[in-house]
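First the structure, in the form of structure tokens, and then the observations on it.
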Amino acid sequence: MDDTPVVLGINRTQDASICLMHGSHLDWAIQKERLTRHKHHWGKPGDLREHYLPRLPGLERPIDIVVECFSSDEEIRSLPAYEEELAATLTLAHGSRRARISHHLAHLYSVNGKDEPIVETPFEAVAAFRRMPLHALAIPPFLVTKRSEPELPA
């Protein structure tokens with residue numbers, strides 16, 4: 001029996017997307033706009049049922065880890081609808097894990113500790129805006145430039 005976790009990533013923001021991984025192997029990844037032909041199509045409750053389940057293989061198997069990416073207050077207000085949709089459309093494995101991350105934090109995760117992009121990008125550098133003390137962030141030091149300017153108010 002294969003105990004490699006099945007990981008589903010769902011980007012609920014502008015340029016909504018979804019990907020399915022089996023361990024570190026990418027099964028597939030697609031942007032919603034490729035299915036709907038609507039440029040920069042935002043993620044919405046109902047996307048799993050309407051756009052992804054009918055077209056993408058593997059979503060019928062138990063999912064071990066679900067990672068959802070959000071960026072706006074409107075999306076956060078829709079959390080109950082997203083929860084309902086996940087429960088109605090996916091089979092979550094016993095002991096499955098869930099994570100919700102900020103769209104902007106996801107940009108930081110796209111760079112590894114060697115200052116190399118994990119995914120190819122036309123940009124030479126990644127910038128981060130922070131509104132918390134530096135010691136509270138788990139960001140590689142090469143991403144942060146210390147300045148003598150005062151901290152912004154929270």
Side-chain angles (χ1 to χ4, degrees), residues 1-132 136-140 142-143 154:
M1 181 175 179
D2 184 5
D3 60 356
T4 306
V6 176
V7 181
L8 180 67
I10 306 170
N11 173 20
R12 306 273 194 187
T13 67
Q14 179 182 352
D15 297 320
S17 57
I18 187 169
C19 74
L20 187 70
M21 298 183 71
H22 198 125
S24 62
H25 172 76
L26 177 65
D27 287 349
W28 48 257
I30 191 164
Q31 286 184 298
K32 180 180 173 183
E33 70 179 34
R34 299 294 178 202
L35 302 171
T36 65
R37 312 311 276 172
H38 178 192
K39 192 77 173 153
H40 304 299
H41 208 160
W42 275 84
K44 300 287 181 206
D47 283 350
L48 283 170
R49 183 177 287 113
E50 294 171 32
H51 301 294
Y52 303 139
L53 284 174
R55 297 178 177 98
L56 304 171
L59 293 176
E60 70 286 346
R61 62 184 164 187
I63 306 295
D64 297 298
I65 302 169
V66 177
V67 180
E68 294 175 281
C69 184
F70 295 92
S71 69
S72 74
D73 291 340
E74 186 59 40
E75 293 163 328
I76 299 303
R77 282 191 287 274
S78 296
L79 282 179
Y82 286 127
E83 288 294 323
E84 207 172 281
E85 176 186 35
L86 287 175
T89 58
L90 297 178
T91 301
L92 298 180
H94 178 71
S96 64
R97 293 178 286 163
R98 302 268 306 279
R100 290 188 183 118
I101 63 172
S102 155
H103 165 82
H104 299 104
L105 185 59
H107 286 296
L108 293 177
Y109 285 136
S110 70
V111 177
N112 67 22
K114 297 177 185 164
D115 198 14
E116 300 167 351
I118 292 172
V119 178
E120 286 300 315
T121 173
F123 304 107
E124 294 180 15
V126 176
F129 175 79
R130 61 183 172 82
R131 290 191 71 153
M132 61 182 73
L137 295 173
I139 298 175
F142 64 85
L143 288 178

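These figures come from a predicted structure and were not determined experimentally.
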*Only counting residues at least two apart or in another chain, list the ones meeting side chain to side chain donor-acceptor pair (under 3.5 Å) with T36.*
H41
*With sequence neighbours left out, what residues match H94 under ring-ring contact (aromatic ring centres under 6.0 Å, His included)?*
none
_Sequence neighbours excluded, every pair satisfying salt bridge (Lys or Arg N to Asp or Glu O under 4.0 Å) that has a member inside residues 4-25_ = R12-E68, R12-E85
*Which atom of S96 lies closest to which atom of I63, heavy atoms considered*: CB-O, 3.6 Å
*For Q14, what residues pass the side chain to side chain contact (heavy atoms under 4.5 Å, CB included) criterion, not counting sequence neighbours?*
H40, W42
*Heavy-atom pair of closest approach, residues R55 and P57*: O-CD, 3.9 Å
*Side-chain heavy-atom pair L35, I30 within 4.5 angstrom cut-off*: yes
*Taking side chain to side chain donor-acceptor pair (under 3.5 Å) as the test, write out the residues that go with E83, two or more places apart.*
R98, R100
_Run the side-chain contact (heavy atoms from CB on, under 4.5 Å) test on I18 and L56 for me, step by step, so that the C-alpha distance in whole Å, both residues' side-chain angles and the decisive distance to 0.1 Å come before the verdict._
CA-CA 10 Å; I18 187 169; L56 304 171; 3.9 Å; yes
*Start with the C-alpha distance between V66 and L92, add both sets of side-chain angles, then the distance that settles side-chain contact (heavy atoms from CB on, under 4.5 Å), and finish with yes or no.*
CA-CA 9 Å; V66 177; L92 298 180; 3.7 Å; yes
_All pairs passing salt bridge (Lys or Arg N to Asp or Glu O under 4.0 Å) where residues 31-42 contributes a residue, at least two apart_ = K32-D47, E33-K39
*Go through the structure and list residues passing ring-ring contact (aromatic ring centres under 6.0 Å, His included) with H51, not counting sequence neighbours.*
none
_Least distance between heavy atoms, R61 atom then G58 atom_ = CG-O, 2.9 Å
*Compare every heavy atom of C19 with every heavy atom of A29, then report the nearest pair and how far apart it is.*
CB-CB, 3.6 Å
*Are L79 and F70 close enough that some pair of their side-chain heavy atoms sits under 4.5 Å apart?*
yes
*Residue list, side chain to side chain contact (heavy atoms under 4.5 Å, CB included) with I65, at least two apart or on another chain*: P5, V7, V67, R97
_Test ring-ring contact (aromatic ring centres under 6.0 Å, His included) applied to Y52 - qualifying residues, sequence neighbours left out_ = none
*List for me each residue that meets side chain to side chain contact (heavy atoms under 4.5 Å, CB included) alongside A93, sequence neighbours excluded, and say none if there are none.*
P62, D64
*asked:* Applying side chain to side chain contact (heavy atoms under 4.5 Å, CB included), can you list everything that pairs with E60, at least two apart in sequence or on another chain?
replied: none
*Tell me the ring pair (Phe, Tyr, Trp, His ring centres under 6.0 Å) pairs involving residues 12-33, sequence neighbours left out?*
none
